[in-house]
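As structure tokens, the structure follows; a few thoughts come after it.
Just so it is clear, the structure is predicted and the values come from calculations on it, not from any experiment. Start at 1 and go down the list; that is how both ligands and their atoms are numbered.
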Amino acid sequence: MEENNLIWQNFIGLLKNRISTVSINSWFKYCKIYKIEDAVENNKSIKIVTISTSSLFIKEALIKRYLETIEELMESILGKSCNIEFILEDEINNIKKDEIKEQEAPPQERTQTSFDLAVEKPPTYQQTIESNLIDKYSFDNFIVGESNRLAHTAALSVAEQPGKLYNPFFIHGKSGLGKTHLMHAIGNYIKSTTNKKVLYVTSDKFISDFTSINMNKNSNYIQLFKDKYRGIDVLMIDDIQCLEKAEKTQQEFFHTFNSLYDMNKQIIISSDRSPDDLKLLEERLRTRFSWGLTVNIYPPDIELKKRIVKNKMSGHAVASLVEDDVIEYIASNSENDVRHIEGAVTRLYAYAAMMGPHKIDLEFANEALRDYLKNSVYMDSNIAKIQKAVADYYKITVEDLKSKKRTANINYPRQVAIYLCRTYTDESFPKIGLEFGNRDHSTIIHACDKIKEDLENNAQLKEIIREIKNNIG
Ligand code: ADP
Ligand code: MG
């Protein structure tokens with residue numbers, strides 16, 4: 001199994017060189033290798049690779065558009081000619097169902113009594129259904145602040161008493177604020193504390209499952225769909241706004257909702273908008289969404305952002321090298337989107353892994369993240385502001401800094417100012433040189449090196465720089 005996953009990842013890696021990411025996400029995202037078998041064809045040994053797909057629609061598209069590419073890439077990975085076959089996830093589940101039946105039913109013949117019929121429950125699809133939960137999202141690693149406190153508290157209550165308190169539970173907020181994280185946290189909590197059946201799906205997955213029934217109008221498919229979505233205790237549908245584009249699926253979702261709701265099963269929905277703002281959803285759905293509790297996750301404030309940065313940094317080998325002002329720097333310059341904050345930490349650490357610094361200070365962070373943190377407040381503090389703050393601190397004038405004077409009382413502040421410009425603005429060496437009396441490139445580099453070196457041994461200078469920075473208007 002594990003090996004098949006590796007082969008599949010390898011395959012997707014190669015595929016990225018052939019087709020666009022959008023196409024990969026549209027057609028290959030939910031596919032997996034179901035099995036790989038050896039076979040002989042025309043006296044040659046070959047491999048038969050069976051790929052599972054979530055819907056007939058996708059299967060047909062893969063065959064029509066990508067069959068040759070898949071064959072070719074699989075051949076390059078497995079080193080043999082490959083025949084590619086497809087299997088629908090629903091078919092796999094049917095196979096599993098039969099296997100369970102076989103295990104449960106003793107092989108010997110026996111006459112069935114009416115008592116048998118009454119107690120013998122046929123195994124259902126639910127027994128093999130996957131929850132689709134991602135383990136790493138838990139309440140433990142969800143950092144709480146003012147902006148998400150209500151959502152967090154309500155989510156925890158739902159997790160503790162599914163189906164009892166708030167039904168449906170509707171979470172909305174902008175992208176990257178933790179909706180999906182909270183949903184999985186609820187699901188994981190319920191799974192670890194009860195034996196309730198939990199199902200997490202994105203709206204797109206719900207749509208594709210529903211579309212495959214429409215393509216396979218046989219009752220078996222319809223039953224499977226119903227078993228999957230109505231035979232569970234907790235249904236979580238992520239990004240419900242995607243249903244706006246799928247009218248038929250909305251109707252089906254309405255029935256699914258009613259059926260679960262009537263049985264007091266917990267329904268959890270997320271969206272990038274409030275129910276009222278889902279204008280293209282049927283009115284009757286919007287009304288139902290407001291029956292339970294609706295909570296909004298707001299963008300994090302700076303305090304929460306700092307705690308999130310700290311949390312995301314912790315636990316890595318280089319975490320102890322990070323200086324405090326780096327946390328502040330990332331928190332105040334990243335967007336209000338936790339995904340963006342995580343991206344900053346990932347980049348910083350990737351850069352650290354490459355460079356092997358002995359500390360991760362502001363300068364290092366700025367170097368690593370200057371393209372990523374676009375709205376850097378430091379970058380807003382342009383050269384003129386830095387010159388003013390430095391001149392004020394050393395009680396000289398900005399003209400002195402730009403002049404040809406080379407006396408120590410002016411030269412050193414000038415070097416400090418140049419260093420600050422280089423570290424906290426996005427300006428190039430030539431531009432900085434220009435602003436300091438048209439000095440050349442090498443003078444600028446020399447000034448930066450000099451101050452960097454002094455900073456290593458001179459705690460007082462560190463303090464001075466901190467103070468000047470605070471005064472940069
Ligand atoms: P959404 O579904 O709202 O777009 P996600 O739940 O996918 O956002 O969150 C994006 C990323 O940010 C995830 O990796 C998630 O773990 C992380 N994240 C969001 N909010 C928090 C938080 N309060 N504490 C820790 N991590 C968070
Ligand atoms: Mg999400």
Can we say Arg149 and Glu146 salt-bridge, meaning some charged N sits less than 4.0 Å from an Asp/Glu carboxylate O? yes
Just jot down the salt bridge (Lys or Arg N to Asp or Glu O under 4.0 Å) partners of Lys245, sequence neighbours excluded, or say none. Asp204
Excluding sequence neighbours, so at least two apart, what forms side chain to side chain donor-acceptor pair (under 3.5 Å) with Asn258? Arg288
NZ/NE/NH1/NH2 to OD/OE distance under 4.0 Å, Glu328 and Lys306: yes
Strictly by modelled atom types, are Asn366 and Tyr424 linked by a side-chain donor-acceptor pair under 3.5 Å? no
Is the Phe210-Phe206 ring centre distance short of 6.0 angstrom? no
With salt bridge (Lys or Arg N to Asp or Glu O under 4.0 Å) as the test, pick out the partner of Glu89 among Lys228, Lys59, Lys205. Lys205
Listing residue and atom name, which protein N/O/S atoms are closer to the Mg ion (ligand 2) than 2.8 Å? Thr180 OG1
Using a strict cut-off of under 4.0 Å between a residue heavy atom and any atom of ligand 1, list the qualifying protein residues by chain and number. Tyr137, Asn141, Phe142, Ile143, Asn148, Lys174, Ser175, Gly176, Leu177, Gly178, Lys179, Thr180, His181, Lys312, Val338, Arg339, Glu342
Would you kindly say whether Asn141 and Ser138 are connected by a side-chain donor-acceptor distance under 3.5 Å? yes
Is the distance from the ring center of Tyr137 to that of Phe142 below 6.0 Å? no
